[in-house]
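A, B, ... follow the sequence lines: proteins, then strands. Residue 1 opens every chain.
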Number of protein chains: 2
Amino acid sequence: MTTIKDVAKKLGVSVSTVSRAMNNHPDIRPETKQEVLEAMKELNYTPNAVARSLIQRRSYTIGLMMPDITDPFLSAMAQGIEEVLSDDGYQVVYGNTSRSREKEESFLLSAAQRKMDGLIITSDFMDSEMIQLLKNLDIPVVFLRRRPPAELEMPFVDVDHYQGSCKAVEYLLSLHHEHIGFIGMPEYSYTGQERYRAYRDTMNKHGIDIHPEGIVFGARSYEGGFQAMAQLASAYSQMTAVFAANDILAIGALEWLAEQKVSVPGQMSIVGFDNLEVSNLHWIKLTTVAQPRKEMGRRAAELLMTMIQTKGSKGSSILFDTELIIRNTCQSHT
Amino acid sequence: MTTIKDVAKKLGVSVSTVSRAMNNHPDIRPETKQEVLEAMKELNYTPNAVARSLIQRRSYTIGLMMPDITDPFLSAMAQGIEEVLSDDGYQVVYGNTSRSREKEESFLLSAAQRKMDGLIITSDFMDSEMIQLLKNLDIPVVFLRRRPPAELEMPFVDVDHYQGSCKAVEYLLSLHHEHIGFIGMPEYSYTGQERYRAYRDTMNKHGIDIHPEGIVFGARSYEGGFQAMAQLASAYSQMTAVFAANDILAIGALEWLAEQKVSVPGQMSIVGFDNLEVSNLHWIKLTTVAQPRKEMGRRAAELLMTMIQTKGSKGSSILFDTELIIRNTCQSHT
DNA sequence: CTGAAAGCGCTTACAG
DNA sequence: CTGAAAGCGCTTACAG
């Protein structure tokens with residue numbers, strides 16, 4: 001492997017000079033710089049970023065911790081993140097947690113050892129030990145799609161799940177539905193909780209009774225939505241509309257309805273949340289709530305970059321607006 | 001930041017001893033080791049992996065270069081890769097290329113500078129310059145879903161696109177279809193070429209004429225499949241079946257057919273390729289060819305690990321079998 | 001079993 | 001503008 005020493009020797013200059021040439025240091029004669037650059041090319045020299053990191057205490061590496069890159073939502077955000085970070089010369093180290101506490105912990109440990117310059121995390125286990133770990137890291141962190149615990153003074157970027165869900169329920173209400181069921185995500189899910197809270201609050205605000213049998217929490221899959229819809233239909237027979245906390249669940253519900261020949265929106269109205277690509281398929285055309293996924297990733301990365309550049313800045317959180325996308329799964333209740 | 005020196009000082013031992021304690025070196029008295037380990041904990045010491053990498057010439061980092069993490073196929077493989085690599089204490093550095101030559105080149109350059117230990121790449125631009133770059137890296141590389149150029153002696157892992165596509169076309173043939181159209185991916189796509197080749201060969205093998213107007217190459221989207229089907233239907237009126245080179249295209253075609261009230265499989269049979277999750281949706285139930293995505297990622301990672309561990313091993317390629325999944329979009333032609 | 005010393009490949013004051 | 005020297009935080013022969 002050729003090092004800075006080799007190119008210094010070839011030219012009969014010092015290593016300092018070579019270093020200055022490749023780092024665009026002002027204190028160097030243009031001709032000297034030119035010679036060095038040429039020698040580097042001739043020798044096929046590649047600077048060793050590891051050595052540089054050690055001395056500069058910057059690795060130009062940022063960690064991205066996510067539960068599941070397979071989730072279309074998360075992968076779109078990851079792409080946005082990678083785009084802005086790589087443009088700035090940073091590398092993204094990707095850690096999949098599979099919603100396992102152990103994997104989250106080991107990723108954070110690894111971030112400490114590898115001297116990562118910053119972190120973007122979608123964390124599912126923010127207990128006191130984890131918080132301590134994050135504090136000890138002493139690097140900028142932005143939470144993506146999660147709220148940081150109060151003692152952490154770190155920013156987050158997310159969509160306004162609450163407001164978006166209010167829109168969805170308001171829409172159903174504006175269509176004169178009163179018996180509105182709810183299909184939720186697993187109860188531990190943060191986003192699921194927010195969407196559920198919005199459902200309750202909106203119903204209450206309009207003075208509409210919430211029927212406990214009209215609420216069910218499904219698994220994170222089409223099958224979960226399918227089962228949930230089956231349960232709802234049998235337990236809450238007056239129901240004329242359903243707000244499903246995400247599109248996957250909504251589509252699972254639509255499958256059950258199709259199988260049972262319940263016409264949508266004729267007999268049942270459905271609203272989802274996420275605006276996944278499949279929701280726009282000809283047979284589905286789901287009315288849902290859209291969020292700017294890739295843009296969220298981009299903004300999270302940009303936020304982290306400014307936090308890194310202006311050291312000590314806490315960074316301010318970003319809450320994106322949602323948009324109700326009206327398609328074909330809702331109809332006025334008469 | 002606390003370093004190995006701090007813990008040595010606290011205990012009045014040498015840094016060598018501390019180093020030996022944390023690296024499970026045999027030449028250390030168990031009691032000494034115990035003391036060191038405790039001191040490390042007390043001081044909240046975290047080893048600096050950057051320093052270690054510099055001296056050991058291993059970064060425990062592998063690079064994963066992919067065109068688009070948003071593609072459900074690639075993200076599933078990425079997940080498989082991350083799982084096995086992180087279990088082995090390796091980190092995965094993720095680079096999105098967006099099918100841009102420039103981004104591929106800069107990722108490879110970065111791999112050299114960061115002293116990555118290995119690479120898994122889905123490369124779209126293997127020209128001579130790129131090949132040279134890869135050679136200079138002098139680290140294990142496995143190609144994922146691509147063939148390495150002949151002069152590179154590197155292994156690949158992929159599914160047998162050719163054989164899988166033969167199965168699809170043979171199936172249509174077994175149903176007595178003779179006028180079989182083909183919807184392809186963009187022509188530069190490697191996987192697309194293989195699937196097209198299989199279509200042609202299988203038709204020829206059975207002595208069936210291929211009609212040039214029955215072949216169209218679509219864009220990489222539902223819309224692309226939609227347009228392609230429209231074109232095919234008007235140009236090739238005897239057509240009774242279509243092999244679409246991937247599920248997205250197939251579903252786009254199904255959308256057009258549904259919109260035109262052409263019954264599937266009554267008037268038109270369709271086979272896809274990929275077995276994406278959406279293909280199993282109630283309204284779609286697409287007959288298609290399945291590939292073990294996550295498993296492919298896992299095996300690619302395992303292959304890379306053995307190449308790294310047994311230095312100098314070239315590694316042998318892995319070609320996965322496909323499986324024809326028969327659902328509801330094909331019917332016998334009478 | 002333990003320590004002193006050299007060295008990994010760079011950067012960065014400090015002198016000149 | 002340039003060079004010699006110290007140092008980033010470790011690991012690893014080499015002596016003892």
State, without any angle test, whether Ser14(B) and Thr17(B) hold a side-chain donor-acceptor pair at a distance under 3.5 Å. yes
Using a 3.5 Å distance criterion without hydrogens, assess whether the side chain of Ser98(B) forms a donor-acceptor pair with backbone atoms of Ser100(B). no
How long is the straight-line distance from OG of Ser75(B) back to CG of Asp68(B), given to the nearest 0.5 Å? 9.0 Å
What does Val13(B) touch in the nucleic acid at a heavy-atom separation under 4.0 angstrom: a base, only the sugar-phosphate, or nothing? sugar-phosphate
What stems involve DNA chain C, if each pair must be Watson-Crick or G-U and both of its distances must be under 3.5 Å, with 3 or more such pairs in a row? C:1-3 with D:14-16, C:5-12 with D:5-12, C:14-16 with D:1-3
How many whole angstroms separate atom CZ of Arg29(A) from atom P of dG3(D)? 10 Å
Is any side-chain N of the basic residue among Lys10(B) and Glu42(B) closer than 4.0 Å to the acidic one's carboxylate O? yes
Using the ring of Phe143(A) (Phe, Tyr or Trp, six-membered ring only), decide whether Arg146(A) places NZ or CZ under 6.0 Å from its centre and within 45 degrees of its axis. no
Would you mind classifying the nucleic acid contact of Thr32(A) as base, sugar-phosphate or nothing, using non-hydrogen atoms under 4.0 angstrom? sugar-phosphate
Go through the structure and list residues passing side-chain hydrogen bond (donor to acceptor under 3.5 Å, both in side chains) with Glu295(A), not counting sequence neighbours. none
Closer than 3.5 angstrom, by distance alone: can the side chain of Asp88(B) be matched with the main-chain N or O of Tyr90(B) as a donor-acceptor pair? no
With respect to the phosphate group of dG3(D), does any side-chain polar atom (N or O) of Thr17(A) fall under 4.0 Å of OP1 or OP2? yes
Output one letter per nucleotide in nucleotides 8-16 of chain D: B when a protein non-hydrogen atom lies under 4.0 Å from the base, S when only the sugar-phosphate is that close, - when neither is. BBBBBB---
Are Arg145(B) and Phe73(B) in a cation-pi contact, defined as NZ or CZ under 6.0 Å from the six-membered ring centre and within 45° of the axis? yes
Give the rounded distance in Å between these two atoms: CG of Leu11(B) and P of dT2(C). 11 Å
